[in-house]
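Below: the structure, in structure tokens.
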Amino acid sequence: MEILTDEREGDISISENLDENGFPFLPLSPESESRYEETDGSILAVDGSFVSDFYGSGTDWSCLREGESDQKKLELERGTDWSCLKEGESDRKKLVQRDLFQMWGFKKRGGPSECRVSSPPAMKREKRRINGHDSISDWAGRKVPRLGKEKTAEHCVGARRACPFYKKIPGTPFTVDAFCYGLIEGCEAYFLSHFHHDHYGGLSKRWSHGPIYCTPLTARLVKMCLSVNPLFIHPLELDTEYVVEGIKVTMLEANHCPGAALIHFRLGDGRCYLHTGDFRACKLMQSHPILLSHRVNVLYLDTTYCNPKYRFPSKEDVVGFVARITKSTLAKQPKTLVVVGAYSIGKEHVYIAISKALGVNIYTDASRRRILQSFGWPELSGKICSLGQSTPLHVLPISSLRPESLQQYLKKYGEQFTAVLAFRPTGWSYSEAIGNQLDLIRPSSKGNVKIYGVPYSEHSSFLELRDFVQFLKPDKIIPTVNVGNAANRDKMQSHFREWLKT
DNA sequence: GCGATCAGCT
DNA sequence: CACAGCTGATCGC
């Protein structure tokens with residue numbers, strides 16, 4: 001209890017109940033609903049809030065990892081030249097006899113010597129401090145942003161903060177999607193779940209903090225788009241068990257964007273952790289051999305839509321709907337330009353389906369063509385073309401799916417196209433009234449531009465999350481999204497308890 | 001001039 | 001709201 005009491009000293013909170021590590025405070029006030037007891041150094045919770053579930057893990061987390069002998073550091077089953085890793089190895093410390101709090105970067109604030117700040121620009125720091133008596137500072141005087149939402153942490157606003165606890169895998173020298181915290185003490189392998197900016201943020205050609213593990217497709221994108229030194233990148237094939245730093249690791253298809261993986265860790269003592277990265281749970285996952293043969297003890301869960309109001313159709317249904325609308329629109333108005341909005345990667349199956357339904361190619365700009373070609377998907381590569389005039393199906397950045405921008409875009413093609421039919425595929429296109437009934441979706445129209453928001457989600461719906469969790473029956477769930485708000489955390493935790501009731 | 005970071009915005 | 005970014009300003013090299 002002492003450690004946690006110390007943590008509350010000073011004005012260091014960055015959110016009502018999370019410290020700057022994204023770690024929940026213990027409520028200590030008398031009116032607090034939670035109660036805690038200390039038993040042989042571990043903290044046990046008596047009630048059922050997020051914090052209590054969180055601290056009261058019921059597992060002895062101390063003594064997480066023995067000091068390593070001089071045994072081979074990397075024992076991947078697949079042949080790779082690891083010699084590059086020797087460089088800078090002296091920087092990497094081994095994890096020896098640490099408790100859970102240390103493991104997760106939760107340490108007593110002892111002063112600058114304990115702060116792993118890689119020389120933040122002093123002037124910037126000063127500048128940010130100027131405007132705000134109400135601004136919140138950490139012990140070093142840096143203004144630390146409020147963690148209103150997970151996104152803030154993912155985007156590493158106020159970078160060089162300590163890595164949040166939920167990005168570290170206890171009992172291993174691993175982190176997941178933690179590239180924007182500089183060198184993380186004790187981390188000997190940095191896992192990347194998928195190639196979206198809010199997860200790879202911090203990776204650049206100057207990356208030198210340690211080896212990066214990801215799927216082969218993600219590896220290609222990291223090299224191609226971010227120019228990361230290939231010597232740091234270690235692709236792991238899906239559905240193949242590797243041994244990394246003595247831990248068994250398997251990448252599973254995440255049903256998110258191309259290359260996205262669930263990461264399964266199997267420790268020497270038999271404990272299993274599953275980190276979902278971002279994913280859309282589906283029945284197929286429940287037949288994966290590794291999930292059937294080894295029960296997951298701790299689940300790091302993508303809780304983006306962990307709220308019963310999020311009910312959206314399957315991707316297949318949405319794709320079918322989009323194809324139907326497209327066909328009927330083109331039958332009535334043959335000179336229609338069909339536009340699909342997309343971020344860097346993801347949502348490919350929406351335009352692949354339209355391409356199939358209409359029997360047309362897919363046009364997009366050179367930078368996206370390069371990325372899509374790198375997937376190595378024959379059914380996609382063969383359909384991509386570099387001339388807008390040659391096909392009525394175009395893929396544009398989702399940010400340009402506004403009526404004015406699309407009218408401008410249409411003008412470029414003169415008489416060839418006279419109207420635009422656009423689709424904005426996102427989970428946020430759900431509506432409580434519409435729910436699963438796609439036929440109720442109405443487009444927004446302005447002049448000759450029609451835009452459909454379609455609930456094509458690459459994250460699990462509430463019921464998909466429930467089904468997945470009830471299949472896994474983990475001992476413990478650590479949400480990784482929407483954790484910046486105490487009310488959200490408690491709500492999610494109460495869903496988890498409901499789902500896992502015996 | 002280039003790349004990285006950050007506030008603000010959708 | 002915020003999926004997963006983008007834009008523009010600023011700073012260091």
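A note on names: the letters A, B, ... follow the listed sequences, proteins ahead of strands, and every chain is numbered from 1.
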*Specify the separation, in whole Å, of atom CZ of R402(A) and atom C1' of dG5(C).*
13 Å
*Give the ring-plane orientation class for H194(A) versus H199(A), where under 30° counts as parallel, over 60° as perpendicular and anything between as tilted.*
tilted
*asked:* Taking salt bridge (charged side-chain N to carboxylate O under 4.0 Å, His left out) as the cut-off, I'd like each qualifying pair that reaches into residues 336-355 of chain A, sequence neighbours left out, listed once.
replied: none
_If you take the centroid of each ring, where Trp contributes its six-membered ring, are Y305(A) and F462(A) closer together than 6.0 Å?_
no
_Atom-to-atom span, NE2 of H196(A) to C1' of dC3(C) - whole angstrom_ = 9 Å
*Residue pairs involving residues 216-229 of chain A (criterion salt bridge (charged side-chain N to carboxylate O under 4.0 Å, His left out); sequence neighbours excluded)*: none
*Short side-chain N/O contact to dA4(B) OP1/OP2 from S204(A), under 4.0 Å*: yes
*Are any of H199(A)'s side-chain N or O atoms less than 4.0 Å away from OP1 or OP2 of dA4(C)?*
no
_In whole Å, I'd like the distance from the CZ atom of R368(A) to the P atom of dA4(C)._
14 Å
*For L203(A) and dA4(B), what is the distance between atoms CG and C1' respectively, to the nearest whole Å?*
13 Å
*Can you check the R206(A) CZ to dG3(B) C1' distance for me, whole Å?*
8 Å
*For atom CD of E348(A) and atom P of dC3(C), their distance in whole Å*: 18 Å
_It should be established whether H256(A) places a side-chain nitrogen or oxygen under 4.0 Å from OP1 or OP2 of nucleotide dA4(C)._
yes
*asked:* Please report the distance, rounded to the nearest Å, between NZ in K309(A) and C1' in dC1(C).
replied: 7 Å
*Taking only the side-chain heavy atoms of S399(A) (C-beta and beyond), determine which of dG3(B), dC6(C), dG5(C) contains the nearest atom.*
dC6(C)
*Is S457(A) touching bases, backbone alone, or none of the nucleic acid, heavy atoms closer than 4.0 Å?*
nothing
*Using the benzene-type ring in the case of Trp, are the ring centres of F468(A) and F279(A) under 6.0 Å apart?*
yes
*Are OP1 or OP2 of dC3(C) and a side-chain N or O of H459(A) less than 4.0 angstrom apart?*
no
*Closer than 4.0 Å, any side-chain N/O of S344(A) to the OP1 or OP2 of dG5(C)?*
yes
_Using the side-chain heavy atoms of Y305(A), tell me which of these nucleotides is nearest: dG3(B), dA4(C), dC3(C)._
dC3(C)
*Name the residue closer to the 5' end of DNA chain C, choosing between Y310(A) and E458(A) according to the nucleotide with the nearest heavy atom.*
Y310(A)
*Could you tell me the separation between the NE2 atom of H197(A) and the P atom of dA4(B), rounded to a whole number of Å?*
10 Å
